[in-house]
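Worksheet: one structure, shown below.
Proteins come first, then strands; the chains are lettered A, B, ... in the order of their sequence lines, and each starts at number 1.
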Amino acid sequence: MDIFAVYSDHVIKALQEIFPNEPKLTPLLHRVVVEPPRDASHGDLSTNAAMVVAKPLGKNPREVAALLAKYFENNQDVASIEIAGPGFLNFSLTPEIWQNILKSVVLSGEDFGRSKTGRKTKVNIEYVSANPTGPMHVGHTRGAVFGDALASLMQFCDYDVRKEYYVNDAGGQIDILAKSAFLRYREALGQDIGEIPAGLYPGDYLVPVGKRLADEFGNTLVDKPQSEWIETVKTIVLDAMLDLIKADLAKLGIEHEIFFSEKTLHGKNGAIEQTLDWLKEKGFVYQGKLEPPKGKTPEDWEDREQILFRASNFGDDTDRALVKSDGSYTYFASDIAYHRDKYLRGFNHQIVVLGADHSGYIKRLQAALKAVSNGEASVDVRICQLVRLLRDGKPVKMSKRSGELVTLSDVVDEVGCDAVRFMLLFRRNDASLDFDFAKVKEQTKDNPVFYVQYAYARCCSVFRVAKNDVPDLDISQKALEEADYSLADSKEELELIRLVAQWPRIVEAAAKAHEPHRIAFYIHDLAAGFHKFWTKGKENSSLRFVNQDSLNVTLTRLALVEAVRQVLKSGLTILGVSAPKELS
RNA sequence: GGUCCCGUAGCUCAGCAGGAUAGAGCACCAGAUUCCUAAUCUGGGGGUCAGAGGUUCGAAUCCUCUCGGGAUCACCA
């Protein structure tokens, strides 16, 4: 139950009854909002309805507000109603309403806040998609966590979500990978390979792959020409790299449902060819020249005719090349085919999570999908900005040359999965982020991860204490559901209930905007509200959760704690952060 | 030069499809533990929402321009 949505419906219905046969009204209604007022002294709910509607109807906003106020005058749930400022209408609801909401929260359990807005709409979320040439780098972490949390969030709202990883297993970097692995194979056979030549991957994660090749093939490949071993080695090394990546992702609790191989798009009569043929038929492809970029022209600029996609017809800044000078397809060509494939699989709603260095790619991707789906499908590209790693307040240097490559695995091992995930989600994705090892590991209220987890552990602790202090009290789920909710009547309790009641609208707004960070901020707020109430109980023993003098009050308070616990749990689960019952 | 993102308190950031007196945390100052985990809480000072125009009942939020910071710019993936 979302009280704000309920009242939004009430207000709209009221407007329709107050202004019957008014054709100008309908198009205005979507702008009517019912939300919590910024200042709690203004009441429980606030609506802009009168101001939205007044001018187009030629009325005075405060007059409209007065009509609305009159409409709700006799509503039993409304304790008082006020017109404020330019025409805000502020409702204060009776305590009974809030108490009923609390009861409904306890009844829904951890399903409270689940939304039906997704209506099983198919959504494809592509994230990570790191090149399969080695273990994952820290740079990939933010996008990985973001995509994963977004997927959970949308599932929570009843979207039919597919989590997908696009494996770039077709480009030139895979040849290099195979050559690098072959070198390690020779090494495993006892040959002296000396220094790893520049341009090959030097990482020792390829050593086991070399061993595996040696075990499997003995020395049968050593003297063969590259053309005879390259495909075999590619298959094996790619397989190994994907295992490495999957293991890294598993450390963060991430598991994709689909690993889509780029290679499968290539080849004769493959998806790329088909897509290009289709685009040609539509007249979206032509032979032409591109202008060099303004400003500085690249040194090796080659002024040549090439096969181009009319991306500029679909909102991109310029047309884009599809075939390289050596005759093979560009990355973009296969990407068009890939996104067309997603569309053909039924995904009209696509989300792609990319790093900041790909921001220039957004328009052409959107252009491609528009073209290829006749405008039926669209893709929301979410860019995750850079993460700056800090140790002792100083940036961590990361140079590939010196081998100081910080891997995802290193970071997770050092600070833990929960802290990594929460910190990366406790910030808008499109703003850059400092990740300070010291702060992330700190176990105080300054660290939002522990602050929220501590609140959750405290909720659980209350139940442990209740079991111990009032052993005769039945605190089963059933008993909580049947508690006397009218006892939750203090100012402090009602305040906490109001906070809990916001969960459904937070979830919906976050899902709609594709912004999981809102979940993180909300549960941080809720944790603060809970800690606050807790401390009130320290100052005033009548506000303690467990009260030996009144079992009825205790039961009601436990129901409130249970409601908070459920929401914290749901929120943490969406973010992929664990909810420990106690902290040690 | 083009495109995209960012600019809100000393610092780190929120601000919910424009809404009321712009909010948290850190830091600083002053307080609260016989008591459900003080890993917490209460109070205080601190702002030209980068700047200038525009849109309207109303702008931190939308539009235009300027300034500052970052990313990116045929053929790589």
Exercise for the section: Any chance you could encode RNA chain B as dot-bracket? Rule is Watson-Crick or G-U wobble with both distances under 3.5 Å; [ ] for pairs crossing earlier ones, | for another strand. Expected result: (((((((..((((.....[...)))).(((((.......))))).....(((((..]....))))))))))))....
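Cation-pi geometry between Arg391(A) and Phe437(A) is met: the NZ or CZ atom falls under 6.0 Å from the ring centre, inside 45° of the normal.
At a cut-off of 3.5 Å, with distance as the only test, no side-chain donor of Thr554(A) or Asn547(A) sits close to an acceptor on the other residue.
Taking only distance into account, the side chain of Asp169(A) never meets the base of rA77(B) through a donor-acceptor pair shorter than 3.5 Å. A donor-acceptor contact under 3.5 Å is formed by the side chain of Ser46(A) with the base of rA20(B).
Using a 4.0 Å cut-off, no side-chain N or O of His358(A) falls inside it from OP1 or OP2 of rC76(B). Distances shorter than 4.0 Å separate some side-chain N or O of Lys538(A) from OP1 or OP2 on rC36(B).
Taking atom CZ on Arg557(A) and atom P on rC36(B), their separation rounds to 16 Å, with Å as the unit. Taking atom OH of Tyr165(A) as the reference point, atom C1' of rA77(B) lies 12 Å away to the nearest angstrom.
Side-chain proximity of Pro293(A) to rC73(B), rA17(B), rC57(B): nearest is rC73(B).
Residues passing the ring-ring contact (aromatic ring centres under 6.0 Å, His included) test with Phe259(A), sequence neighbours excluded: Tyr165(A), His256(A).
For the side-chain contact (heavy atoms from CB on, under 4.5 Å) test with Asn131(A), the passing option among Asn168(A), Ile245(A), Asp169(A) is Asn168(A); the others fail.
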